Amino acid sequence: MNENQHQAPRRISILGSTGSIGCNTLDVMAHLGGRDAFEVPAITGMGNIDLLAKQARQTGAAFAVTADPARYQDLKAALLGTGIEAGAGPAALIEAGDRDTDLLMAGIVGIAGLAPTLAAVSRGADIALANKECLVSAGELFTAAIAKGGGKLLPVDSEHNAIFQVLEEHQRHAVERIILTASGGPFRDFTREQMAAVTPEIAAAHPNWSMGLKISIDSASMFNKALEMIEARHLFGMRPEQIEVIVHPQSIIHSMVGYTDGSVLAQLGAPDMRHAIGYAIAYPRRASLPVERLDFAKLSRLDFYAPDETRFPALALARTAMQRGGLQGAALNGAKECALEAFIAGRTGFLDIADIVAAVMDKLNDGREAASIDDVYAADREARAVAETLLGQPV
Ligand code: NDP
Ligand code: MG
């Protein structure tokens with residue numbers, strides 16, 4: 001990289017800028033030089049139009065998009081006189097991913113993030129990947145598209161970012177296992193009887209990490225860790241049996257890689273997503289980041305224990321999905337998104353989420369492979385439709 005390339009503003013678009021990942025990304029970019037250091041070709045949100053318009057003005061974004069077509073006029077009005085282009089709906093979202101950038105932050109929640117992220121992947125952009133559903137639902141196709149596009153894939157999910165940091169490229173042949181750490185969430189010590197009665201508000205109160213609503217509830221059911229197991233398989237080319245999960249309540253070790261010589265390399269840090277986001281933005285250099293420094297004298301102890309798969313069946317479901325392969329990842333994710341939305345809306349109980357996912361996976365277990373992204377969308381739709389019929393019924 002020559003001197004001029006260092007000094008030219010980097011172009012970073014942010015999908016899901018109004019969310020938890022998006023706001024943290026903008027915070028890191030402001031810290032690393034703001035408008036002097038970065039240009040923002042596109043940002044996207046959905047319902048939070050005021051925040052989207054404010055972010056567009058602050059960053060000088062060229063294009064602001066809401067995923068909700070019904071909010072187009074609101075966004076246009078909020079951007080009046082700024083010269084910032086407004087867009088709305090699925091095609092505009094894909095255009096936001098397609099606009100030329102050096103790096104795209106994929107921070108939309110759910111399978112909704114797949115199409116605009118793939119647009120950026122196809123034109124060869126480097127991708128900072130927070131959205132885990134891309135890999136869970138469309139793993140092989142997504143990694144093949146990255147290889148074809150030629151961009152780098154930089155994991156932002158904190159566990160995968162940690163593994164990326166300690167997975168020595170020249171020692172890949174000697175990787176024995178990947179150890180994903182899990183905080184255990186707010187129901188770490190709950191019985192199933194206690195979990196049966198929880199509300200979305202209680203489930204969303206994560207003890208260590210501040211995140212969006214859906215991932216917070218997924219952390220409580222450990223579906224977040226289930227998604228992360230599948231994500232790790234595709235990101236790092238691991239066999240299912242090479243992926244372990246260990247509960248580590250302090251969330252200081254973000255994950256580990258075990259090598260054939262018995263060495264285990266870990267990445268540690270305060271639980272703050274700006275760390276992984278800043279790492280991806282500054283890659284391959286390391287930037288100075290405004291995150292808390294660990295004080296080991298104050299930490300004093302780090303605890304670990306095996307997850308209880310009877311209380312948290314999501315982990316076994318992830319292994320089943322990996323072993324069955326094909327479209328089972330799409331089935332798991334589609335059913336989980338549907339059941340989670342129903343739980344948030346008060347239409348089903350917390351423990352029903354895993355029961356519904358298991359039933360949908362069994363129903364869709366026909367050995368079909370994902371030949372194209374359309375197959376993934378079809379499996380996602382089918383999984384949601386089957387999950388919908390199971391809501392409110394004994395599974
Ligand atoms: P949030 O719910 O906080 O934000 C989601 C973003 O996506 C918002 O900008 C939201 O818009 C937008 N959005 C919501 N639904 C849609 C849709 N159907 N179509 C297009 N855009 C939509 O989520 P997080 O930031 O917590 O998570 C984003 C992704 O990153 C998830 O996949 C999550 O699993 C992953 N992740 C998040 C971490 C975190 O710390 N938050 C950590 C690791 C991974 P609006 O708010 O305007 O409605
Ligand atoms: Mg994570």
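Start at 1 and go down the list; that is how both ligands and their atoms are numbered. Please read these numbers as outputs of a predicted model, since none were measured by experiment.
Contacts with ligand 1 closer than 4.0 Å are made by heavy atoms of both the backbone and the side chain of Ser20. Residue contacts with ligand 1 for Lys214 are absent, since no atom lies close enough (heavy atoms, distance under 4.0 Å). If you look at Val109 next to ligand 1, the close heavy atoms, those under 4.0 Å, come from the backbone and the side chain alike. Of all the heavy atoms of Met273, the ones lying under 4.0 Å from any atom of ligand 1 belong exclusively to the side chain.
The protein atom (non-hydrogen) at minimum distance from atom 34 (O) of ligand 1 is Lys132 CE, 3.2 Å. Looking from atom 33 (C) of ligand 1 to the surrounding protein, the closest heavy atom is Ile215 CD1, 3.9 Å. Of the protein's heavy atoms, Glu133 OE1, 2.8 Å lies nearest to atom 32 (O) of ligand 1. Closest to atom 15 (N) of ligand 1 among all protein heavy atoms lies Met46 CE, 3.5 Å.
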Inset, instruction - In sequence, state the C-alpha distance, the side-chain angles, and the governing distance for Phe312 and Phe223, and then conclude on ring-ring contact (aromatic ring centres under 6.0 Å, His included). - result: CA-CA 8 Å; Phe312 298 102; Phe223 262 107; over 10 Å; no
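Thr101 and Arg10 share no side-chain donor-acceptor pair at under 3.5 Å. Gln55 and Ser17 form a side-chain donor-acceptor contact under 3.5 Å, judged by distance and modelled atom types alone. Remark: the Gln165 side chain and the Arg286 side chain contain an N/O donor-acceptor pair separated by less than 3.5 Å. The closest side-chain donor-acceptor pair between Ser251 and Asn208 falls under 3.5 angstrom.
Under a 4.0 angstrom heavy-atom cut-off, Gly107 registers as being in contact with ligand 1.
Between Gly19 and ligand 1, at least one N/O pair is under 3.5 Å apart. For the pair Ala67 and ligand 1, the shortest N or O to N or O distance does not fall below 3.5 Å. Between Asp157 and ligand 1, no N or O atom pair is found at a separation short of 3.5 Å. Distances between N or O atoms of Thr44 and those of ligand 1 include no value under 3.5 Å. Checked by distance only, ligand 1 and Ile21 come closer than 3.5 Å through their nitrogen or oxygen atoms. On a distance-only criterion, Gly212 and ligand 1 share at least one N/O pair closer than 3.5 Å.
Nearest N/O/S atom of Asp157 with respect to the Mg ion (ligand 2) is recorded as OD1. Looking at Glu228 and the Mg ion (ligand 2) together, the shortest N, O or S contact belongs to OE2. The minimum distance between the Mg ion (ligand 2) and any N, O or S atom of Glu159 involves atom OE1.
When the heavy-atom distances from atom 46 (O) of ligand 1 to Leu51, Ile14, Val65, Thr18 are ranked, the shortest goes to Thr18. Among Ala96, Ala112, Gly47, the residue whose heavy atom lies nearest to atom 18 (N) of ligand 1 is Ala112. Considering each of Val156, Asp68, Val136, Ile108, the one bringing a non-hydrogen atom nearest atom 21 (N) of ligand 1 is Ile108.
The 12-atom threshold is exceeded at CD of Glu241, counting heavy atoms of other residues, nucleotides or ligands nearer than 6.0 Å.
Classification of the Phe236-His160 ring pair by plane angle, with boundaries at 30° and 60°, yields parallel. Using the six-membered ring where Trp is involved, Tyr279 and Phe164 have ring planes that are perpendicular, over 60° apart on the 30 and 60° scheme.
For the side chain to side chain donor-acceptor pair (under 3.5 Å) with Glu159, the lone residue among Lys132, Lys225, His254, Gln267 that qualifies is Lys225.
For the pair Arg11 and Phe38, the NZ or CZ position fails the cation-pi test of under 6.0 Å to the six-membered ring centre and within 45 degrees of the ring normal.
Checking side-chain atoms of Arg384 against main-chain N and O of Lys336 turns up no donor-acceptor pair under 3.5 Å.
With ligand atoms numbered from 1 in the order given, ligand 1 contributes 30 (O), 35 (C), 36 (N), 44 (C) to contacts under 4.0 Å with heavy atoms of Ala130.
Side-chain contact between Gln242 and Ile178 is absent, with no heavy atoms from C-beta onward closer than 4.5 Å.
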